[in-house]
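The analysis underlying the following values was restricted to heavy atoms, covering all of them including side chains, and did not include hydrogens, waters or symmetry mates.
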Amino acid sequence: MNCGLIIPTLNAGEQFQELLAQISRQTLPTKKLIVDSESTDRTVEVAKNFGFEVLTVSRAEFNHGATRQFAAEYLSKKFPLDVVIFLTQDILFHDENSLALLVKIFSVSPKIGLAYGRQLPHENATNEAEILRAFNYPAGNQIRTFESRKIFGIKAAMASNSFAAYRVEILRKVGGFPSVILCEDMYVAAKMLVAGFETAYVADAQVYHSHNYTAAQEFRRYFDIGTFHAREGWIREKFGSAEGAGKKFFVMKISVLWKKNPVECFSAIFRDAMKFFGYRLGRLEKFLPKIFCRAVSTDKNFWR
C-alpha cells in the first residue's frame, strides 16, 4: 500500500527528534508531512532535517479535525495514497515494525476503514496513567462493526489519532474529519461503523504514549469531551452514553490502586470527580457564556 504519514506539531520539544529518528528506521516506507502551528522552537528545522515536508497553519486556525483533513487532502493530492497515518508529536515507537503492523490489518478486509494501535505508558507514567492505558488498550486485536456497540457500547467507536491509520477511500466516503473541538477520531470511527464499514484495534502495533494530567487539566479536557458529545449527540444515541465506560474504568482503577497504594485512591476519586463535573458542564455548553467556555476549555481558539 502507498502510505502517507502526518504529524500535527507545536513546539514539539527534545523528544520529537527521537521520534523522527525512530520513523526513519520503520520498516514501512511513507510519504512524510508535518503540519505545524507556528512553532517557536526547532520543530520545523528538525523535521526538515529528517526529510519531512512542512506545512504551516496559524495557531488561531488550528482545529483537531479540520487541520488533519487539510493535511490529508494536501498529501493525497501530491501522491497516490491508499492509507494515511496520523501520529501525535509525543509518542515513541515500541519497535521498528509498529507502522507496518498497523497498516497490515487493512489486508484482512477491504471494509476496514480505520485502524489504531496499542498505547503503552511512558516510563514516567503515574499508576493512574498506567491503569488508563491498560483499560483502553488491552492485549488482543479486535475487528469492530456497528453490531459491536451491543458489546462495547460507545467504546466500539473508540480510536486515537495519536497512532491511527485510515483507508483514504473510505475516509472520503464518510466525509473526512470535521471541524470539532476534539475527538475527531471517534467521530470518523462512528461514521464508518454506521455506514457499514469496519474499524480495527491492532494490539500488535504498539507505541508509548501517556499523560500525567493534574485535576485541573482533567477538568478542562473533559469539558471539551462533554462539548463534543453535546454537539454530536447522534454518537450517544447510536452507541450509548460515555458515563457507562467511565464507571467501569473508575471501578477498575480503584480496585487496582487499593492493592498498589491505597492513599492514591483519594486523589484518584478527586480527579474522577473533576472529570465528571467537567464532562457534565461541557454537555451544557450551549447554555453557558462563550467567555466562560473559552476560559475553562483546553482549546481557546475553538470558542472565538
Side-chain angles (χ1 to χ4, degrees), residues 5-26 28 30 32 34-37 43 46-47 50 52 64-65 67-68 71 84-103 105 114-142 155 157-166 177 182-186 188-189 199-214 217-218 220-222 224-225 245 249 252-253 256 271 275 298-299:
L5 177 67
I6 297 172
I7 311 176
T9 57
L10 171 61
N11 294 333
E14 293 301 319
Q15 182 179 284
F16 187 56
Q17 186 159 336
E18 183 179 354
L19 169 60
L20 298 187
Q22 289 182 337
I23 290 172
S24 69
R25 296 192 294 269
Q26 287 291 302
L28 181 77
T30 57
K32 301 185 287 287
I34 294 293
V35 54
D36 185 74
S37 299
T43 296
V46 170
F50 276 91
F52 276 78
H64 287 284
T67 300
R68 283 180 170 86
V84 61
I85 302 164
F86 287 95
L87 307 176
T88 49
Q89 66 186 30
D90 56 346
I91 71 148
L92 290 173
F93 286 107
H94 179 266
D95 56 59
E96 296 177 359
N97 294 313
S98 295
L99 288 179
L101 288 170
L102 182 67
V103 171
I105 198 71
L114 177 164
Y116 71 102
R118 189 178 188 183
Q119 297 181 22
L120 306 171
H122 284 299
E123 287 186 1
N124 68 341
T126 61
N127 283 333
E128 188 165 354
E130 286 186 5
I131 297 166
L132 179 61
R133 285 296 173 268
F135 180 75
N136 283 335
Y137 302 96
N141 297 347
Q142 299 172 3
K155 283 176 70 66
M158 183 177 168
S160 174
N161 274 342
S162 288
F163 181 41
Y166 296 79
F177 295 108
L182 82 180
C183 296
E184 76 291 340
D185 34 27
M186 171 176 274
V188 170
T199 65
Y201 167 62
V202 190
D204 299 335
Q206 301 175 2
V207 297
Y208 295 99
H209 181 243
S210 59
H211 297 283
N212 298 331
Y213 290 126
T214 64
Q217 289 172 325
E218 297 278 28
R220 292 176 181 275
R221 178 170 172 75
Y222 275 79
D224 292 350
I225 293 173
F249 172 63
M252 173 185 171
K253 177 172 64 175
V256 173
R271 271 195 298 274
K275 289 180 187 178
T298 59
D299 188 349

Problem - Partner set under side chain to side chain donor-acceptor pair (under 3.5 Å) for Q142, not counting sequence neighbours - result: R144

Exercise for the section: With sequence neighbours left out, write down each residue that passes side-chain contact (heavy atoms from CB on, under 4.5 Å) with D36, or none if nothing qualifies. Expected result: T9, I34, S39, T43, V44, V54

Handout entry: Student check: side-chain heavy atoms of I6 and F52 closer than 4.5 Å
Key = no

Completion exercise
CZ of R118 to OG of S160, rounded to nearest 0.5 Å, is 14.5 Å

Handout entry: Which residues share a side-chain contact (heavy atoms from CB on, under 4.5 Å) with N127, sequence neighbours left out
Key = E130, L257, K260, E264

Exercise for the section: Can you sort out the partners of R68 under salt bridge (Lys or Arg N to Asp or Glu O under 4.0 Å), two or more places apart, ordered by chain and number? Expected result: E184

Problem - Smallest separation among heavy atoms of M158 and N136, with atom names - result: CE-CB, 3.5 Å

Handout entry: Within-4.5 Å side-chain heavy-atom neighbours: L28 and L102
Key = no

Completion exercise
The ring pair (Phe, Tyr, Trp, His ring centres under 6.0 Å) partners of Y137 (sequence neighbours excluded) come to none

Practice task
Determine whether F177 and T67 make a side-chain contact, defined as any pair of heavy atoms from C-beta on separated by less than 4.5 Å.
Solution key: no

Completion exercise
Hits for side chain to side chain donor-acceptor pair (under 3.5 Å) against T88, two or more places apart or cross-chain, chain-then-number order -> D90, S162

Exercise for the section: For T298, enumerate each residue passing the side chain to side chain donor-acceptor pair (under 3.5 Å) test, keeping only those at least two apart in sequence or located in another chain. Expected result: D224

Problem - Flag side-chain contact, heavy atom, 4.5 Å: H209 against R133 - result: yes

Exercise for the section: Output all residues satisfying ring pair (Phe, Tyr, Trp, His ring centres under 6.0 Å) with Y213, sequence neighbours left out; order by chain, then residue number. Expected result: H211

Practice task
Quick one: do V207 and L87 satisfy side chain to side chain contact (heavy atoms under 4.5 Å, CB included)? Show the steps, please.
Solution key: CA-CA 10 Å; V207 297; L87 307 176; 5.6 Å; no

Problem - Under 3.5 Å donor-acceptor, D185 side chain and N161 backbone - result: yes

Exercise for the section: Kindly compute the distance separating NE2 (H94) from CD (Q22), expressed to the nearest 0.5 Å. Expected result: 11.0 Å

Fill in the blank from the handout: Correct closest heavy-atom pair for N141 and A203 would be OD1-N, 2.7 Å

Problem - Nearest-0.5 Å distance that lies between atom CD1 in I91 and atom OG in S210 - result: 12.0 Å

Handout entry: For the student: nearest non-hydrogen atoms of R271 and T214, plus distance
Key = CD-C, 4.4 Å

Problem - CD1 on I23 to CG on L5, rounded to 0.5 Å - result: 5.0 Å

Problem - R221, CZ: over 12 other non-hydrogen atoms inside 6.0 angstrom - result: no

Exercise for the section: Write down the atom of L10, the atom of S37, and the distance for their closest heavy-atom approach. Expected result: CD1-O, 3.2 Å

Handout entry: Partner set under salt bridge (Lys or Arg N to Asp or Glu O under 4.0 Å) for E96, not counting sequence neighbours
Key = none

Completion exercise
Contacts of K253 meeting salt bridge (Lys or Arg N to Asp or Glu O under 4.0 Å) (sequence neighbours excluded), chain-then-number -> E128, D272

Fill in the blank from the handout: On a heavy-atom basis, the closest approach of A189 and T199 is O-CG2, 4.2 Å

Completion exercise
Residues at least two apart in sequence or cross-chain that pass ring pair (Phe, Tyr, Trp, His ring centres under 6.0 Å) with Y201, listed by chain then number, are Y116

Problem - Which residues share a ring pair (Phe, Tyr, Trp, His ring centres under 6.0 Å) with H122, sequence neighbours left out - result: none

Exercise for the section: Classify the angle between the aromatic ring planes of F86 and Y166 as parallel (below 30°), tilted (30 to 60°) or perpendicular (above 60°). Expected result: perpendicular

Exercise for the section: Kindly give the heavy-atom pair with the smallest separation between A47 and F16, and that separation in Å. Expected result: CB-CE2, 4.4 Å

